[in-house]
Peer 1: 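Below you will find the structure I want to go over with you.
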Amino acid sequence: MTETLVLWDIDLTLVELRGVGRSWYRHAIAAVLGRELSHFPAFQGRTERAITLEMLATHGAEGTDELVERMYAALVDVATRDQELLAGQGRALPGAVDALAALATRPDVVQSLVTGNLPEVSRVKLAAFGMDPHVDFEIGGYGSLSASRPDLVPAAVGLASAKHDVRFEPRSVVVIGDTPHDVEAALKHGATAIGVATGHSTEAELHAAGAHVVLTDLSDTATVLDSILRAA
């Protein structure tokens with residue numbers, strides 16, 4: 001059986017949690033550096049490593065491996081602490097739960113993540129909205145890996161191929177996200193890019209970035225599945 005590997009972005013693709021990132025980084029900067037948050041970088045489409053390195057530099061600290069790991073630990077700590085609050089602070093985006101659930105019933109589909117988030121934070125965010133049972137977190141490409149988002153795709157593909165003893169050819173890999181960075185990461189490795197215009201990027205911008213398919217949102221489950229399975 002030919003299998004399709006579907007790699008989801010999280011923020012503004014599956015869930016909307018506006019303001020949470022700033023709050024969590026305020027906690028992390030205070031915990032690690034003992035300072036008030038004075039600079040907040042752009043998040044859209046970037047990895048946790050890129051954001052953390054910028055955050056440390058703009059707060060006068062060198063981005064050593066030790067400090068980066070301490071920042072990660074602080075972020076995981078505050079995310080875990082806030083997990084029960086997330087459902088009230090944000091929302092699952094239209095159709096996200098149904099799309100994940102529908103794909104999870106298919107024996108020819110493997111679902112995981114390519115996300116700028118840390119692995120632990122990814123699980124917290126999806127669990128808050130009941131999406132976690134549908135995703136294999138062990139084979140994701142996460143933001144702790146690299147400051148460059150395209151590096152996350154081959155990492156996820158390699159882990160998925162090893163776990164399932166299947167060689168996922170680029171044409172059988174589908175990357176879904178809301179920014180041109182997600183599209184770029186897919187195209188760089190020959191994967192199919194599906195853009196979802198539920199974030200800050202418009203449909204036109206996602207098309208211009210080279211997305212093979214652009215969806216307004218995930219609300220039409222049949223269309224989402226058709227787009228993914230036909231593309232692969």
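Keep in mind the model is a prediction, meaning the values are calculated, not measured.
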Peer 1: With a 4.5 Å limit on heavy-atom distance, are the side chains of Leu75 and Leu118 in contact?
Peer 2: yes
Peer 1: Distance from Leu152 atom CG to His189 atom NE2, nearest 0.5 Å?
Peer 2: 8.5 Å
Peer 1: Hey, mind stepping through Leu53 and Arg49 against side-chain contact (heavy atoms from CB on, under 4.5 Å) and telling me if it holds?
Peer 2: CA-CA 6 Å; Leu53 288 171; Arg49 184 167 185 83; 4.0 Å; yes
Peer 1: Got Ser122 and Leu126 here, is their nearest side-chain heavy-atom distance under 4.5 Å?
Peer 2: no
Peer 1: Are Phe129 and Leu17 close enough that some pair of their side-chain heavy atoms sits under 4.5 Å apart?
Peer 2: yes
Peer 1: Any idea which heavy atoms bring Ala185 and Pro150 closest together, and the distance?
Peer 2: CB-CA, 3.8 Å
Peer 1: Run the side chain to side chain donor-acceptor pair (under 3.5 Å) test on His39 and Glu54 for me, step by step, so that the C-alpha distance in whole Å, both residues' side-chain angles and the decisive distance to 0.1 Å come before the verdict.
Peer 2: CA-CA 9 Å; His39 171 80; Glu54 181 179 339; 2.9 Å; yes
Peer 1: Less than 4.5 Å apart, any side-chain heavy atom of Gln44 and any of His181?
Peer 2: no
Peer 1: Rounded to the nearest 0.5 Å, what separates atom CD in Gln89 from atom CG in Asp82?
Peer 2: 6.0 Å
Peer 1: side-chain contact (heavy atoms from CB on, under 4.5 Å), that's the test. Do Arg18 and Leu12 meet it? Break it down for me.
Peer 2: CA-CA 9 Å; Arg18 296 186 190 274; Leu12 297 181; 4.0 Å; yes
Peer 1: Give me the atom names and distance for the closest heavy-atom approach of Val183 to Gly210.
Peer 2: CG1-C, 3.8 Å
Peer 1: Supply the atom-to-atom distance Leu113 CG to Arg123 CZ, rounded to the nearest 0.5 angstrom.
Peer 2: 9.5 Å
Peer 1: For Tyr142 and Thr47, does a side-chain donor sit closer than 3.5 Å to a side-chain acceptor?
Peer 2: no
Peer 1: Which pair of non-hydrogen atoms, one from Ala50 and one from Ala147, has the smallest distance, and what is that distance?
Peer 2: CB-O, 3.6 Å
Peer 1: Do Val173 and Leu187 share a hydrophobic cluster (ILVMFWY, side-chain heavy atoms under 4.5 Å, transitive)?
Peer 2: no
Peer 1: Any sub-3.5 Å donor-acceptor pair from Asp220's side-chain atoms to Thr223's backbone N or O?
Peer 2: yes
Peer 1: Counting C-beta onward and ignoring hydrogens, is there a side-chain heavy-atom pair between Met55 and Leu37 closer than 4.5 Å?
Peer 2: yes
Peer 1: Do Ser227 and Leu215 come close enough that some side-chain heavy atom pair is under 4.5 Å?
Peer 2: yes
Peer 1: Is Thr4 close to Asp108 at the side-chain level, that is, under 4.5 Å between some pair of heavy atoms?
Peer 2: no
Peer 1: If we ignore hydrogens and angles and just use 3.5 Å, is the side chain of His212 paired with the main-chain N or O of Ala193 as donor and acceptor?
Peer 2: yes
Peer 1: How many angstroms lie between CH2 in Trp8 and CG in Asp178, if you round to the nearest 0.5 Å?
Peer 2: 11.5 Å
Peer 1: Is the backbone N or O of Val68 less than 3.5 Å from a side-chain atom of Thr52, with the two atoms forming a donor-acceptor pair by type?
Peer 2: no
Peer 1: Keeping Ser172 on the side-chain end and Phe168 on the backbone end, is there a donor-acceptor pair under 3.5 Å?
Peer 2: no
Peer 1: Do you know which of Val175, Val174, Val6 makes side chain to side chain contact (heavy atoms under 4.5 Å, CB included) with Thr192?
Peer 2: Val174
Peer 1: Do Ile51 and Trp24 sit in one hydrophobic cluster, given that two such residues count as connected whenever their side-chain heavy atoms are within less than 4.5 Å of each other, even indirectly?
Peer 2: yes
Peer 1: For the backbone of Ile10 and the side chain of Thr13, can you confirm whether one donor and one acceptor N or O come within less than 3.5 Å of each other?
Peer 2: no
Peer 1: Check each of Val224, Leu225, Thr221 against Asp98 using the side chain to side chain contact (heavy atoms under 4.5 Å, CB included) test, and report the only one that passes.
Peer 2: Thr221
Peer 1: Measure across Leu145 and Ala155 and return the closest heavy-atom pair with its distance rounded to 0.1 Å.
Peer 2: CD2-CB, 3.4 Å
Peer 1: Do the side chain of Glu205 and the main chain of Thr202 share a donor and acceptor less than 3.5 angstrom apart?
Peer 2: yes
Peer 1: Verify the distance criterion only: is there a donor paired with an acceptor across the side chains of Thr80 and Glu120 at less than 3.5 Å?
Peer 2: no
Peer 1: With no hydrogens and no angle check, is any side-chain donor or acceptor of Thr105 less than 3.5 Å from a backbone partner on Ala102?
Peer 2: yes
Peer 1: Any side-chain heavy-atom pair from Leu14 and Met131 closer than 4.5 angstrom?
Peer 2: yes
Peer 1: Are Val15 and Leu93 close enough, and set up right, to give a side-chain contact (heavy atoms from CB on, under 4.5 Å), and what steps lead you there?
Peer 2: CA-CA 5 Å; Val15 306; Leu93 287 168; 5.7 Å; no
Peer 1: Short question: side chain of Thr198, backbone of Asp217 - any donor-acceptor pair under 3.5 Å?
Peer 2: no
Peer 1: Please walk me through it: do Ser112 and Ile139 pass side-chain contact (heavy atoms from CB on, under 4.5 Å)?
Peer 2: CA-CA 6 Å; Ser112 190; Ile139 59 173; 3.5 Å; yes
Peer 1: Measuring from Ile29:CD1 to Met71:CE, what's the distance to the nearest 0.5 Å?
Peer 2: 4.0 Å
Peer 1: Report yes or no: do Val97 and Val124 belong to one cluster of Ile/Leu/Val/Met/Phe/Trp/Tyr joined by side chain heavy-atom distances under 4.5 Å?
Peer 2: yes
Peer 1: Does Val214 belong to the same Ile/Leu/Val/Met/Phe/Trp/Tyr cluster as Leu7, with side-chain heavy atoms less than 4.5 Å apart forming each link?
Peer 2: no
Peer 1: For residues Ser201 and Pro180, report the shortest heavy-atom separation together with the two atoms involved.
Peer 2: OG-CD, 3.1 Å
Peer 1: Where do Gln111 and Ala104 come nearest, in terms of heavy atoms and distance?
Peer 2: NE2-N, 3.4 Å
Peer 1: Transitively linked via ILVMFWY side-chain contacts under 4.5 Å: Leu206 with Ile176?
Peer 2: no
Peer 1: Without swapping roles, check the side chain of Glu3 against the backbone of Val166 for a donor-acceptor pair under 3.5 Å.
Peer 2: no
Peer 1: Can you pull out every salt bridge (charged side-chain N to carboxylate O under 4.0 Å, His left out) where at least one residue sits in residues 130-156? Sequence neighbours excluded, please.
Peer 2: Asp9-Arg149, Asp136-Lys163, Glu138-Lys163, Arg149-Asp182
